[in-house]
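Okay, so here's the structure we're looking at.
Numbers restart at 1 for each chain; the letters A, B, ... are given by sequence-line order, proteins then strands.
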2 protein chains.
Amino acid sequence: MLQVKDIPNAEIMQKFAARYPQTDIKSVITFLNLLRVGSDLSHGLNSYLAQFDLLQGRWWVLLLLMREDNLISTPSALAEKAGVSRATMTGLLDGLLREKLISRVHAKQDRRQIQIRLTSLGQAKLDEVMPGYYQRVNQLMQALTESETMHLMALLQKIYQQRHVFENKTVDIKNQ
Amino acid sequence: MLQVKDIPNAEIMQKFAARYPQTDIKSVITFLNLLRVGSDLSHGLNSYLAQFDLLQGRWWVLLLLMREDNLISTPSALAEKAGVSRATMTGLLDGLLREKLISRVHAKQDRRQIQIRLTSLGQAKLDEVMPGYYQRVNQLMQALTESETMHLMALLQKIYQQRHVFENKTVDIKNQ
DNA sequence: AGCTTATAATTAGCCGCCTTACTATGTCAA
DNA sequence: TTGACATAGTAAGGCGGCTAATTATAAGCT
């Protein structure tokens, strides 16, 4: 994701608003701040995970496996839950396999499927990573009081429900 | 960035909290929601830009150039402002050059430098992209009232100031 | 049974990001 | 002045995303 370091100042926003009159400066600034906080937290998380030779993709796979009662899942299910394509999941699993954090076993009942299991090495890796992760998340969220946190969640929910506005193609009014 | 599709439910959080006692469930859920909103908006923006053969990286470069009074900057300055490495900027500029949206000119005063200029084709591309972008941002932010927007900005600020918590290495108490 | 279609996983090849290492040029101080 | 260091840009190679195409297996029709 783009690292939105440099949110435009008022002067620059005015310049853009002059050329593009539909601009609502306050909306744009809020939007860019949301993007920036998200990307900064994401980069921060990555830099923490990198200390353990992990990045978000592979870490998330380990977590998804740990959620399962028997520590087993399949590539398609993992891809679906992680929100990546199955091809990408193949690559992530290759990496995890190289470090023996997971194992691949052919499924008996459906021979197209492969079972992915969290190994004890994989569990050990999570046991190394997670305490520091939780500690840092706590520290981060101590920026807000309990009621601020709840308020933030509510605001995020409202925005989240609108998240599809970008995905609609531009509509040509004449064709409606 | 990871597409955080699947925020763990209460039952699963309990399981993790049992193994990792430092877990504060509310903090983690809020954190994951922040990440999710950020990554969804980022993906949404990308899918909008993709209609115009752009992605965030190259689009942002065009914007940075348009901010300049004479439409000119250098690769290093752009890399700094966009928050990417200079090597990455070289790649982005290669792409933009291929489509003639920018031009490269050797600087006279410092022959290490290269001047990057937004071409009229580049400006035309922005004129195509920006109105729809602003329209969609407005639509998105209409999810919130004016006072909610200001409150959200304030909450994001507080979190943003804590963003470095992930970057500190884990401290070994014994060595302090 | 044999087709057709659907599904699971992988491969190949693209893109944008990274770090590391390199080349060219500039700067500064002994 | 020249040697050491700093800075600008690029190249090489890795990673984690993607889509499209491929292979194997399963399921459903007729």
Side-chain angles (χ1 to χ4, degrees), chain A residues 1-5 39-40 42-47 49-62 72-99 102-116, chain B residues 1-5 39-40 42-47 49-62 72-99 102-116:
Chain A
M1 192 215 257
L2 181 67
Q3 179 91 332
V4 190
K5 270 210 173 161
S39 73
D40 273 9
S42 181
H43 281 124
L45 177 54
N46 267 339
S47 83
L49 294 173
Q51 295 176 243
F52 304 93
D53 291 311
L54 288 175
L55 287 174
Q56 283 179 59
R58 284 180 297 158
W59 171 69
W60 199 250
V61 171
L62 295 181
I72 287 179
S73 187
T74 64
S76 338
L78 291 169
E80 168 66 24
K81 289 179 185 167
V84 299
S85 67
R86 281 183 308 200
T88 296
M89 185 52 64
T90 297
L92 293 175
L93 294 173
D94 285 347
L96 290 168
L97 193 63
R98 226 179 294 130
E99 298 180 48
I102 60 159
S103 61
R104 274 188 169 104
V105 185
H106 280 276
K108 301 166 205 103
Q109 75 286 6
D110 181 341
R111 299 199 313 179
R112 290 171 305 180
Q113 280 193 346
I114 296 214
Q115 306 269 10
I116 304 296
Chain B
M1 189 215 255
L2 181 68
Q3 177 91 335
V4 190
K5 270 207 173 164
S39 73
D40 272 10
S42 181
H43 280 125
L45 177 55
N46 267 338
S47 82
L49 295 173
Q51 295 176 242
F52 304 93
D53 290 311
L54 289 175
L55 287 174
Q56 281 180 61
R58 284 181 295 157
W59 172 68
W60 199 249
V61 171
L62 295 181
I72 287 179
S73 187
T74 64
S76 335
L78 292 169
E80 169 65 24
K81 289 179 185 168
V84 300
S85 67
R86 288 190 314 244
T88 296
M89 186 52 65
T90 297
L92 294 175
L93 294 174
D94 284 347
L96 290 168
L97 193 63
R98 224 179 296 128
E99 299 180 47
I102 60 160
S103 61
R104 274 186 169 105
V105 185
H106 280 277
K108 302 164 206 106
Q109 75 286 8
D110 183 340
R111 299 198 314 177
R112 291 170 304 181
Q113 279 193 347
I114 296 212
Q115 306 268 12
I116 303 296

Please list each protein N or O that sits under 3.5 Å from an N or O in nucleotides 19-24 of chain D, with the distance.
none

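One atom, CG of B:Leu93, and another, P of C:dG16, lie 12 Å apart when rounded to the nearest Å. Distance B:Asp94 CG to C:dC14 P: 16 Å, rounded to the nearest Å. Counting to the nearest Å, the P atom of D:dC15 and the CG atom of A:Leu92 are 12 Å from each other. Counting to the nearest Å, the P atom of D:dG16 and the CG atom of A:Leu97 are 14 Å from each other. Rounded to a whole Å, the CD1 atom of B:Ile114 is 7 Å from the P atom of D:dG9. The CD-P distance, from B:Gln56 to C:dC17, rounds to 9 Å in whole Å. Atom NE2 in B:His43 sits roughly 13 Å away from atom C1' in C:dC17 (whole-Å rounding). One can place CG of B:Leu55 at 8 Å from C1' of C:dG16, the figure rounded to the nearest angstrom.
Looking at the side chain of B:Gln113, the nearest of the listed nucleotides C:dT10, D:dA8, D:dG17 is D:dA8. Across D:dG9, D:dG16, C:dT10, the shortest atom-to-atom separation from the side chain of B:Pro75 is found for D:dG9.
In this structure A:Arg111 satisfies the salt bridge (Lys or Arg N to Asp or Glu O under 4.0 Å) test with no other residue, sequence neighbours excluded.
Heavy-atom minimum distance, A:Ile116 versus A:Leu93: CD1-CD1, 3.9 Å. Summarising the geometry of B:Ser85 relative to B:Ala79, their closest heavy-atom pair is O-CB, 3.9 Å, with the distance given to 0.1 Å. Taking both residues in full, the closest heavy atoms of B:Arg104 and B:Thr90 are given as NH2-O, 3.8 Å, listed atom of the first, atom of the second, then distance. Minimum interatomic distance between B:Gln56 and B:Ser42 (heavy atoms only, all atoms of both residues): NE2-OG, 2.8 Å. Annotation for A:Pro75 and A:Ile114: closest pair CD-O, 3.1 Å, computed over non-hydrogen atoms.
Contact check for B:Trp59 versus B:Leu45: side-chain heavy atoms found under the 4.5 Å cut-off. In this structure the side chain of A:Val61 reaches within 4.5 angstrom of the side chain of A:Met89, judged on heavy atoms. Contact annotation: the side chain of A:Val84 never approaches that of A:Leu78 to less than 4.5 Å [non-hydrogen atoms, C-beta and beyond].
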Would you write out the dot-bracket form of DNA chain C, 5' to 3', with Watson-Crick and G-U pairs under 3.5 Å, [ ] for crossing pairs, | for pairs to other strands and . for unpaired bases?
||||||||||||||||||||||||||||||
